[in-house]
Amino acid sequence: MIATVKRWTTAVSSCLSMVTAGSLFSFSVLVEGLKTQLSYTSSDLNTISGIGSSSLYISFLFIGPLFDWLGAQWTMFFGVIFSGLGYLLMYLSYTGRISGATGAMATFYFMAGAGSTCCYMGTIGQNVKNFTSRSAGKIVGVLLLFYGLSGMIYSQMYSAFYSNDTGGYLLFLTLSVAIVNGICCVTTFDVPPDAGKVATEDDVPEPHSLLKKSAAGSLESLGSIPEVLMVHHTIKRNSASMGSNSLARSLSIRNASTGKRMANANMTPRDSNLMKAKQEKHDIVVISTQSIHKEEEYHENSLSKEAQTALEDDGGVRDLSPLEILKSTTFWLYALTFIFMQGMTYFTNLFSILEAALGQTVVEASLANVIYKNTIHVTILSVFQSLGRISFSLLLDFMACSEKVKVDRSILLCISQVFVFLPCLVLACGATSEAALYFCSVFFGYGFGCTGACFPALTKDFFGTHFYGTACGFVMAGVPIGIVTSNLVFGSLYDSQSNGATICYGEACYSKAYAAFSGIECIALICSFLLFLLRFSSAPVKPPTNQILSNFKITAYGYDDNDDGNGHYGNSVIAHPFVHTHATEDLGTFDRPSTFAADESVFTPGDKIYIPHLRKYFIYEDGCAQCASDIKQGISHVDLYIGEDKLQGSPLIACEEAITILSGGTVVLNPSADWPVNSPQLFVNGICNSQTFPIPTGPPSGSSVTTTQKASTSATTTTTTAKASTTTTTSVSKTSTKTPSTTTTTTTTKKPTTTTKTPTTTTTTTTSKTVQPTSTAAGGAPSGACPTFNAIQCYNHQQYLCYAWTTNGYTWGPWVGFAC
């Protein structure tokens, strides 16, 4: 409860902080006052605004590492200092107490911009860490909404209270950013999604002698920033670390008396947060410190080496080091898109463009009317910038989560550049009508907001999260070049058309500049399109549906024997929250899969599997140290989470044993939604549903299938259960009683070198009770609709399952090869 209150207190205070973080977007309301008081030319104003705006980007170089090192509260504290001091010095400069030179004012504005970046990064970065990937997208969208509306809020405050008092407005900026962010410093808390859920070792029902060393394992920083949608928040992904020779792996041990899966805390912080030790009975395994390389085969369906190399070079499957980032083609196309993108020049020169478009007669007749129109345009820019940020944040979130969308998210960056390019063309054509100017404000605002939403999410996609702050800094480092250059070009051309006057009138004052800007924006558009093509060409092909994979080791774990990565047991912490915030045995349906753990080199968070002998769907959300060790031995291993979110004692461990298959298990990867589901949960209220089912030879009727076997086997797959040392065929159902079912099996197997299958003859006797159908079709399957979905009936020594769909409902479908 306390963690929840802290989390939402942080979110609410962050909204207020984001309002102050966007205060720089209201610069255009200062233009007239600065011109009058300090006699600035358009070139002077563009120098000030260009340098100030560039601080929003170049300051990433030092604020990103600052956030990584000190965390959100200290980052926001520096935001209070930089923003408050920057605006205070601007106020003193405006009132004549200190120098009002262009260079001095630009330096003060740069300080205010750096403070804005500190507040932006601290608030959004902390909220991304506090919420899971499924809710973080919505939280970030709301925060970005307030950030985008900041310009509107401040411009309306100026219009209402300070329209004739620019000095008073600068003082108001000073106090508002200092007070609001000062409060946010003490109301911002680091509360990961599973805070408060981790039990200590003393909470485990039975004492264990664990070999523990360092308990290091602090939560890693997410890097630097913002709108990361689908970042693994509480415990980060560690693809890059899997290839590091320097990582110390854990010593895993399973307690012989209880069968609980245990691990010591002898891990690096990154590894400890990723791996849960799940070890087999009486085994003590030292996991090698050698690098863990991704297998070339992904159950016979992996990427080619060339595709893997392209992805690793250009981001998308692992965290890139700073040097790898700078070497990648993706980085340079991505950085050039932001360097050449236009938009900020319009924000800072809006008042000058309005004066030029409206003409001398209108401006001289009513300057107040021009100021009012400027406020309206600033409001439009802010509102549509907010809409762009929140809409694209949600769209990015949707594309990351949807299994139907197969287009890389970088296409959204390309679309955002189209929105920016269109108003550049309109202004380049010399449009002066109010409708045209409103069009420009709408599209510049929306395009700028869309790009802002894309930046942090795509940075994570391209370069990973370990050096996220550094990657943001690298990308943003060159952006000030484009901003300052564009502002200087606009100011110079504006002044050249004014013939020495303070104000320039006519479309020529801005059309020439925007003709050049249109060409520059074309470069940004082309770079973003090439980036999308690069990502599209190197994107991994989604594996086909219903891959039936054999020879799997299938184990189970629960709350009692789950390790949070720091040596603490009796918890439900998971490494890769995707659908659930913590390990969960859900309904086991396609839409409500349960959590499973595996090695990260085999599965990606969000991958679904179907376990035929249990008739349950699972989703990959957790790491597994034993699985990582097994995969190096050529053993594919999945660990299924069962039970409730509390300590459950020996009945849970017994149930884990009951459903375990040590070898020869079958797993369906990327299953379709129409596989049969056994309704009861596997372990609930102390009751174990260990009922198992025959393994089907194919998917439900109408679904495509890819069958993969990692080794030559007999036509009937042999499985070994942990419950007994007896070897049985998968066509035989285990019963949930303590007495094992009686099994007689006769098989004719082929040698591994033989390329032709030898038929298998199987005679099976089980204790399973079958129900004869009430009506049958002559010589065929049971006729009519079946009584309950997933029901099994026997007819003419052939087993039938209720899963085949017709217009009249579910009917009996044959399970070929299963006699009864």
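Here the structure is a predicted model, which is why all the values come from computation and not from measurement.
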Notebook entry, point to check: Mind checking whether Y617 and F590 have parallel, tilted or perpendicular rings, split at 30° and 60°?
Noted result: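 Y617 and F590: perpendicular rings.
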Margin query: I'd like to know if the side chain of N546 and the backbone of S672 have a donor-acceptor N/O pair within less than 3.5 Å.
Written below: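 Judged by distance alone, yes, a pair lies under 3.5 Å.
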Notebook entry, point to check: With no hydrogens and no angle check, is any side-chain donor or acceptor of N678 less than 3.5 Å from a backbone partner on L614?
Noted result: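 Between the backbone of L614 and the side chain of N678 there is no qualifying donor-acceptor contact (under 3.5 Å).
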Compute whether any side-chain donor of one residue and acceptor of the other, for [X] and [Y], lie under 3.5 angstrom apart.
{"X": "T584", "Y": "D586", "result": "no"}
{"X": "Y641", "Y": "N562", "result": "no"}
{"X": "T589", "Y": "D591", "result": "no"}
{"X": "T451", "Y": "S416", "result": "yes"}

Note to self: S572 vs D645, test: side-chain hydrogen bond (donor to acceptor under 3.5 Å, both in side chains). Steps then yes/no.
What the structure shows: CA-CA 7 Å; S572 56; D645 195 22; 2.8 Å; yes
Next item on the list: May I ask you to test the C184-T123 pair for a side-chain heavy-atom distance under 4.5 Å?
Entry: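 No - every pair of side-chain heavy atoms lies 4.5 Å or more apart.
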Notebook entry, point to check: With a 4.5 Å limit on heavy-atom distance, are the side chains of F331 and V475 in contact?
Noted result: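 Contact flag for F331/V475 side chains = yes.
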Check: Can T459 and Y334 be said to form a side-chain hydrogen bond (donor to acceptor under 3.5 Å, both in side chains), step by step?
Finding: CA-CA 9 Å; T459 301; Y334 190 47; 3.0 Å; yes
Next item on the list: Could you walk me through whether D599 and S601 pass the side-chain hydrogen bond (donor to acceptor under 3.5 Å, both in side chains) test, one step at a time?
Entry: CA-CA 6 Å; D599 177 43; S601 69; 2.3 Å; yes
Next item on the list: Give me the one residue out of D630, T660, D639 that meets side chain to side chain donor-acceptor pair (under 3.5 Å) with T555.
Entry: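 Exactly one option meets the side chain to side chain donor-acceptor pair (under 3.5 Å) with T555, and it is D639.
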Check: After noting the C-alpha distance and the side-chain angles of Q681 and N689, does the key distance pass the side-chain hydrogen bond (donor to acceptor under 3.5 Å, both in side chains) rule?
Finding: CA-CA 7 Å; Q681 291 181 288; N689 172 36; over 6 Å; no
Next item on the list: Determine whether the aromatic ring centres of F463 and F474 lie less than 6.0 Å apart.
Entry: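 When the ring centroids of F463 and F474 are compared, they turn out to be at least 6.0 Å apart.
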Checklist line | Residues forming a side chain to side chain contact (heavy atoms under 4.5 Å, CB included) with A21, sequence neighbours excluded | finding: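 Partners of A21 under the side chain to side chain contact (heavy atoms under 4.5 Å, CB included) test: S116, C119, Y120, Y147.
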Item checked: Considering all heavy atoms, the nearest E621-I574 contact ->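 Scanning both residues completely, I find the closest heavy atoms to be O-CB, 3.4 Å.
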